[in-house]
Amino acid sequence: MATRMPTLYLSHGAPPLADDPVWTRRLADWSGGLDRPTAILIVSAHWEDAPLTVGATADDTPLTYDFWGFPQRYYDVAYPAPGAPALAERVRELATGPGGTIRQDPARGLDHGAYVPLREMYPEADVPVLQVSMPTLDPARLLELGRRLAPLREEGVLIMGSGFTTHNLREMSRQAHGEAPSWSVEFDDWTHRTVLDHDVDTLLDFAHKAPAAALAHPRSDHFAPLFVALGAGLDGHRSSTSTVDGFWHGLAKRSFQFD
């Protein structure tokens with residue numbers, strides 16, 4: 001019988017974050033403390049598509065290198081995880097109901113919001129992975145999507161939302177490990193406290209309730225995956241844990257686990 005899995009929200013950063021030994025060690029330690037999942041379902045800030053769209057389910061699909069201007073070595077990264085066609089069918093059943101349909105994009109490989117952290121957490125690439133799109137940025141609708149997908153947890157599926165707790169590329173710091181700007185620190189602290197308090201209503205209204213929200217997220221695409229993970233962890237929620245903290249180029253690496 002499959003083990004009931006937690007749900008995760010992680011801050012993935014740009015591809016060079018994988019060169020940060022602290023972040024990579026924390027991700028490895030994090031996954032090392034989890035039961036082995038039967039499969040991984042991931043929602044990344046870097047794929048918005050409506051209606052809900054299922055990515056590649058074949059074993060030989062290439063990655064989606066959705067970034068520009070980096071050294072060639074970042075485009076040579078591979079992550080040949082098995083496809084998850086059975087999981088894709090379960091997502092269709094849960095997300096749309098009996099007889100429902102979702103869009104399929106068989107050529108859409110894992111983007112860097114998915115494979116960059118997964119290479120650190122499951123480096124053997126031996127767990128089936130399925131990426132689905134974010135069909136909206138509306139927090140309430142994403143929370144409901146997570147609730148619909150929650151039964152997958154009982155089947156051993158690890159549901160992950162991948163974004164960045166603060167994300168303003170125009171205002172990011174030049175130094176990777178220098179002092180973080182006040183707007184990033186304030187928003188990160190607010191998110192940390194509000195998530196651990198499990199104040200879902202306040203989180204849903206973060207654009208009005210959080211300090212420096214407009215600076216921390218000029219566009220909410222990197223905060224939005226939190227609500228899928230939060231929604232999938234609502235029923236039977238026992239605890240919320242901050243698993244990663246700190247800043248990279250002034251942006252908050254805060255990550256959470258919902259049990």
Side-chain angles (χ1 to χ4, degrees), residues 6 8-34 42-46 63-79 110-123 160-196 203 206 210-226 229 240-258:
L8 315 182
Y9 170 74
L10 58 85
S11 295
H12 63 258
L17 184 54
D19 299 331
D20 182 340
V22 174
W23 183 73
T24 55
R25 184 180 68 251
R26 285 188 169 185
L27 287 191
D29 291 344
W30 188 4
S31 59
L34 301 176
I42 190 162
V43 177
S44 162
H46 296 281
L63 302 181
T64 297
Y65 301 101
D66 55 334
F67 46 86
W68 299 267
F70 290 95
Q72 182 59 40
R73 64 189 180 92
Y74 295 112
Y75 302 91
D76 294 334
V77 170
Y79 192 74
L110 303 176
D111 63 43
H112 80 271
Y115 74 78
V116 167
L118 287 177
R119 286 185 76 241
E120 309 306 327
M121 299 180 80
Y122 299 96
M160 301 173 60
S162 179
F164 221 140
T165 295
T166 60
H167 189 260
N168 186 332
L169 299 185
R170 291 181 179 272
E171 300 294 334
M172 65 189 296
S173 305
R174 291 187 178 183
Q175 293 184 334
H177 303 294
E179 183 177 356
S182 60
W183 56 264
S184 188
V185 173
E186 291 170 6
F187 188 92
D188 172 65
D189 177 67
W190 178 90
T191 302
H192 182 204
R193 290 184 286 104
T194 309
V195 167
L196 265 57
L203 285 166
F206 78 94
L215 269 174
H217 291 284
R219 192 169 184 274
S220 63
D221 52 334
H222 277 71
F223 202 57
L226 169 67
S240 302
T241 307
S242 176
T243 54
V244 178
D245 59 9
F247 298 86
W248 185 72
H249 288 283
L251 306 181
K253 297 183 291 183
R254 180 79 61 183
S255 301
F256 297 101
Q257 178 173 321
F258 304 103

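What you see is a predicted model; the values in this text were computed from it and never measured. Positions are given from 1 along the sequence.
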Worksheet item: Is it true that a side-chain atom of His217 and a backbone atom of Thr165 form a donor plus acceptor pair closer than 3.5 Å?
Response: yes
Discussion item. Just so I know, are the side chains of Leu63 and Asp111 near enough to count as touching, which here means a heavy-atom distance under 4.5 Å?
Written reply: no
Response to the item:
Separation between OG (Ser240) and CG (Leu196), nearest 0.5 Å, reads 6.5 Å
Fill in: Main-chain N/O of Val244 paired to Ser255 side chain as donor or acceptor, under 3.5 Å
no
Worksheet item: Asp188 and Ala252: which non-hydrogen atoms are nearest, and at how many Å?
Response: OD1-CB, 3.6 Å
Worksheet item: Under the salt bridge (charged side-chain N to carboxylate O under 4.0 Å, His left out) criterion, do Asp20 and Arg26 qualify, and how do the steps go?
Response: CA-CA 10 Å; Asp20 182 340; Arg26 285 188 169 185; over 6 Å; no
Worksheet item: Looking only at atom types and distance, does a side-chain atom of Tyr65 sit under 3.5 Å from a main-chain N or O of Val77, one as donor and one as acceptor?
Response: yes
Worksheet entry | Approximate separation, where rounding is to 0.5 Å, of Phe164 CZ and Leu169 CG | 9.0 Å
Worksheet entry | Check: Ser184 side chain, Thr166 main-chain N or O, donor-acceptor pair, under 3.5 Å | no
Worksheet entry | Asp189 side, atom CG; Ser182 side, atom OG - distance, nearest 0.5 Å | 12.5 Å
Discussion item. What I'd like to find out is whether the side chain of Met121 reaches to under 4.5 Å of the side chain of Leu10, using heavy atoms alone.
Written reply: yes
Discussion item. I'd like to know if the side chain of Ser44 reaches the main chain of His46, judged simply by a donor and an acceptor atom lying under 3.5 Å from each other, with no hydrogens or angles considered.
Written reply: yes
Item to complete: Could you pull out the closest heavy-atom pair between Gly163 and Ala45, with the gap in Å?
Response: CA-CB, 4.2 Å
Item to complete: Starting at CG of Leu226, measure out to CG of Leu8 and round the result to the nearest 0.5 Å.
Response: 11.5 Å
Worksheet item: Can you find a heavy atom in the side chain of Phe247 that is under 4.5 Å from one in the side chain of Pro181?
Response: no
Item to complete: Would you give the length of the straight line joining atom OG of Ser162 to atom CG of Leu110, rounded to the nearest 0.5 angstrom?
Response: 11.0 Å
Practice prompt. Would you tell me whether Arg254 and Ser242 have side-chain atoms, one donor and one acceptor, within less than 3.5 Å of each other?
Written response: yes
Worksheet item: Taking the six-membered ring for Trp, are His12 and His222 parallel (under 30°), tilted (30 to 60°) or perpendicular (over 60°)?
Response: tilted
Fill in: Minimum-distance pair of heavy atoms, taken over all atoms of Pro15 and Val116
CA-CG2, 4.3 Å
Item to complete: Decide ring pair (Phe, Tyr, Trp, His ring centres under 6.0 Å) for Phe223 and Phe187; before the verdict, give the C-alpha distance in whole Å, the side-chain angles of both, and the deciding distance to 0.1 Å.
Response: CA-CA 11 Å; Phe223 202 57; Phe187 188 92; 5.2 Å; yes
Worksheet entry | Check: Pro218 main-chain N/O paired with Asn168 side-chain donor or acceptor under 3.5 Å | no
Discussion item. Side chains of Trp30 and Glu120: any donor to acceptor distance under 3.5 Å?
Written reply: no
Item to complete: Would you give the length of the straight line joining atom NZ of Lys253 to atom NE2 of His249, rounded to the nearest 0.5 angstrom?
Response: 10.5 Å
Worksheet, complete the sentence: All heavy atoms of Phe70 vs all of Ala14, minimum pair found to be CZ-CB, 4.2 Å
Worksheet item: Checking Trp23 side chain against Ser11 main chain: does a donor-acceptor pair fall under 3.5 Å?
Response: yes
Worksheet entry | Output field: ring centroids Tyr122/Tyr79 closer than 6.0 Å | no
Worksheet item: If only atom types and distance count, is the side chain of Ser31 paired as donor or acceptor with the main-chain N or O of Ala28 below 3.5 Å?
Response: yes
Worksheet item: Quick check: does any side chain N or O of Tyr75 sit under 3.5 Å from a backbone N or O of Phe67, one acting as donor and the other as acceptor?
Response: yes
Item to complete: For residues Pro225 and Val43, report the shortest heavy-atom separation together with the two atoms involved.
Response: CB-O, 3.9 Å
Worksheet item: Does the side chain of Thr243 come within less than 4.5 Å of Tyr9's, by heavy atoms?
Response: no
Discussion item. Please give me the minimum heavy-atom distance between Glu186 and Pro211, naming the atom from each residue.
Written reply: O-CG, 3.6 Å
